[in-house]
Every structure is written in structure tokens, then in C-alpha cells.
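Worksheet: one structure, shown below.
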Amino acid sequence: MDSIIFDLDGTLWDSRETVVLAWNKAIEQNDKIDHTLTKQHLKETMGLQMHEIMQKLFPHLNAEVHKELIQSCGEIEGDFLSERGGILYENLEEVLKALSEKYELYIVSNCQEGYIEAFYAYHGLDKYFRDFENPGRTGLSKGENIKLLMKRNGLEAPVYVGDTAGDQKAAEDAGIPFVYAKYGFGDVEKYDYAIERFDELLKIF
């Protein structure tokens, strides 16, 4: 193994408290929506790309309105996350520091452009990661983005750490082992390794 690629939501942090505030502010500005979102709504969308999230949360709206919402939610969310951050999982920075001394670390998340940058900006963790990718920049699936990042950085034997069935499928599509973060948001049946806490990565690697 030469590297570790991480999912973000449900794996490195829980940003729902901040994100739901940002999205509800965007919703308030849209006269086509008459309800507010909760953290549970967001949990049910974890692992999906933004257009899939819009279809799940707002099935009564058309693709044009979905596109407007993605834009407005993304802009407000980026500002909120940069100012407030999210909840990091226990011992996260200590574990990242230890792992980065042995392996190259990366992030591939199904998020919009600016989301990973906001994670970096508030928590100051970019120093541990070599590169990142997301569909907001590429328009690709998570599996394709993992392969793109692997090729760009010359990775030969990475593993992927995530918390949803979508993460497992992405790792499988990329042809790399999958580490299931059981403390996250999803239920996964098939995996190569599993951890109950983030610091258990130190026992595996």
C-alpha cells in the first residue's frame, strides 16, 4: 500500500449542522419551496452527487430549478463552512498526522467545488493531503474520480476509506480495497476492512 484516499462526509467529519443552516437559508430565498430541511434529510442523501440529492429532496421541482438550488446552496454553504466548519471525528488530526508520515493521503468526495476547500480552510488540515477530487470539478462518478486521482498522482496501491455503499462501489469500480468506516452514515455489507473509530486506522496501517 502506498496511499490512503478518504471520503469526507461521515468519514473525516460531520458537517450537517452547518450545511442544514446554509441550505435552509438558500431555501428561504426560493419561493418554490415551502418546507425546511433537517439533519436527518441530509443523512439520507449521504454518498449521492448533488443532482441526485436535489431529485431526492425536491422531486417536485424541475431540472432548471435544481440547478439554481445547487448554485445557491453551494455558495452559501461554502461561506458557512469556511466560517463555522464541521464536527471532526475524534482524534482525527493526530491520526492524519501519523498516517501522513508513512503514506500519501488524498480525498475524493461526491461534493460540489469549494466544499473540500472549505473543510481545509476552517480546520487547517490541507497540510496532510497531497491532492483531492470531486464531481463539482470533473462531472465524473466517485469511482472515476478515484481513478483520475490515482493516475494523476501515480498511485499504484491505494485503499479507499468511506462509510456508504456508494463508497464501497466506487472503490470496487476503481479496483482498490475498501475500508468501511462503521461510525459514519451508511450501512455496508461488503468490505475488506472495517473500523469502529477513526483511530483504528492506525491498527490496520
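A continuous path of ILVMFWY side-chain contacts below 4.5 Å connects Tyr103 to Phe129, so both sit in one hydrophobic cluster. Placement of Val161 and Leu88 within a single hydrophobic cluster is found when ILVMFWY residues are connected by side-chain heavy-atom separations under 4.5 Å, directly or transitively. Clustering ILVMFWY residues whenever any of their side-chain heavy atoms sit less than 4.5 angstrom apart, transitively, puts Tyr128 in the very cluster that holds Met1. Under the 4.5 Å side-chain heavy-atom criterion for ILVMFWY residues, no single connected hydrophobic cluster contains both Phe178 and Leu148. Leu201 and Leu155 are members of different hydrophobic clusters when ILVMFWY side chains are connected at heavy-atom separations under 4.5 Å.
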Distance-only check: which donor-acceptor pairs under 3.5 Å involve side-chain atoms of residues 116-123, not counting sequence neighbours?
residue, atom, partner, partner atom, Å
Glu117, OE1, Gly114, N, 3.0
His123, NE2, Gly86, N, 3.1
His123, NE2, Gly86, O, 3.3

For residues 21-28, run the donor-acceptor check on the side chains, cut-off 3.5 Å, and write out each pair with its distance to 0.1 Å, sequence neighbours left out.
residue, atom, partner, partner atom, Å
Trp23, NE1, Glu77, OE1, 2.8
Asn24, OD1, Leu37, N, 2.8
Asn24, ND2, Val20, O, 3.2
Asn24, ND2, Leu37, O, 3.1

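Evaluation of the side-chain hydrogen bond (donor to acceptor under 3.5 Å, both in side chains) rule for Glu64 yields no partner, not counting sequence neighbours. With sequence neighbours excluded, no residue forms a side-chain hydrogen bond (donor to acceptor under 3.5 Å, both in side chains) with Lys147. In this view, Lys127 and Glu93 satisfy the salt bridge (Lys or Arg N to Asp or Glu O under 4.0 Å) rule, not counting sequence neighbours. Every residue meeting the side-chain contact (heavy atoms from CB on, under 4.5 Å) condition with Glu144, not counting sequence neighbours, appears here in chain and number order: Leu140, Ser141.
Although no hydrogens or angles enter the test, the distance criterion places a donor-acceptor pair under 3.5 Å between the side chain of Thr18 and the main chain of Gly85. Ser72 places a side-chain N or O within donor-acceptor distance of the main-chain N or O of Leu69, the cut-off being under 3.5 Å. Although no hydrogens or angles enter the test, the distance criterion places no donor-acceptor pair under 3.5 Å between the side chain of Asp131 and the main chain of Glu133. Looking only at distances, no side-chain donor or acceptor of Asn134 sits under 3.5 Å from a matching main-chain atom of Ser109. In this structure, Thr45 contributes its side chain and Leu42 its backbone to a donor-acceptor pair below 3.5 Å. The main-chain N or O of Val108 is found under 3.5 Å from a side-chain atom of Tyr160 such that the two form a donor-acceptor pair.
Taking CD of Glu196 as the start and NZ of Lys182 as the end, the distance is 5.0 Å to the nearest 0.5 Å. How far CZ of Phe198 is from CD of Glu94: 10.5 Å, rounded to the nearest 0.5 Å. Interatomic distance, Lys97 NZ to Asn91 CG, rounded to the nearest 0.5 Å: 14.0 Å. Rounding to the nearest 0.5 angstrom, the gap separating the NZ atom in Lys67 from the CE atom in Met54 is 13.5 Å. Put simply, CD1 on Ile76 and CD on Gln29 are 4.5 Å apart, with the number rounded to the nearest 0.5 Å. One finds the OG atom of Ser100 at 10.5 Å from the CG atom of Leu125 (value rounded to the nearest 0.5 Å).
Residues Ala181 and Asp163 approach most closely at O-CB, 3.5 Å, considering heavy atoms. Heavy-atom minimum distance, Tyr89 versus Gly10: OH-CA, 3.5 Å. Listed here is the closest heavy atom pair of Pro158 and Asp2: N-OD1, 3.4 Å. Annotation for Ile146 and Ala171: closest pair CD1-N, 4.3 Å, computed over non-hydrogen atoms. Residues Val65 and Asn62 approach most closely at N-OD1, 2.9 Å, considering heavy atoms.
Tyr180 and Tyr191 have tilted rings, their planes meeting at an angle from 30° to 60° on a 0 to 90° scale.
Within a 6.0 Å sphere centred on CD of Glu156, heavy atoms belonging to other residues, nucleotides or ligands number 12 at most. Annotation: Asp187, atom CG; neighbour count of heavy atoms from other residues, nucleotides and ligands within 6.0 Å does not exceed 12. No more than 12 heavy atoms of other residues, nucleotides or ligands lie within 6.0 Å of CZ in Arg130, so this atom counts as exposed by the packing criterion. With a 6.0 Å radius and a threshold of 12 heavy atoms from other residues, nucleotides or ligands, Lys39 has its NZ atom above the threshold. Other residues, nucleotides and ligands contribute at most 12 non-hydrogen atoms within 6.0 Å of the CD atom of Glu90.
Looking only at side-chain heavy atoms (C-beta outward), Val159 and Phe205 come within less than 4.5 Å of each other. Between Ile4 and Leu105 there is a side-chain heavy-atom pair separated by less than 4.5 Å. In this structure the side chain of Val19 never reaches within 4.5 angstrom of the side chain of Asp9, judged on heavy atoms. Using a 4.5 Å heavy-atom cutoff, the side chains of Lys203 and Tyr193 are not in contact. Using a 4.5 Å heavy-atom cutoff, the side chains of Asp173 and Lys142 are not in contact. Residues Asp14 and Phe185 are in side-chain contact: their nearest non-hydrogen atoms beyond the backbone lie under 4.5 Å apart. Taking 4.5 Å as the limit, every side-chain heavy atom of Leu8 sits out of range of all side-chain heavy atoms of Phe132.
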Side chain to side chain contact (heavy atoms under 4.5 Å, CB included) assessment of Met150 paired with Ile5: CA-CA 9 Å; Met150 288 170 60; Ile5 308 171; 4.2 Å; yes

Pair His51-His66, side chain to side chain contact (heavy atoms under 4.5 Å, CB included): steps then yes or no: CA-CA 7 Å; His51 69 280; His66 284 168; over 6 Å; no

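Salt-bridge check for Arg197 with Glu200: passed, with a basic side-chain N closer than 4.0 Å to an acidic carboxylate O. The pair Lys56-Glu52 fails the salt-bridge criterion, with no side-chain N (NZ, NE, NH1 or NH2) lying under 4.0 Å from an Asp/Glu carboxylate O.
When only modelled atom types and interatomic distance are considered, Thr164 and Asp167 share a side-chain donor-acceptor pair under 3.5 Å.
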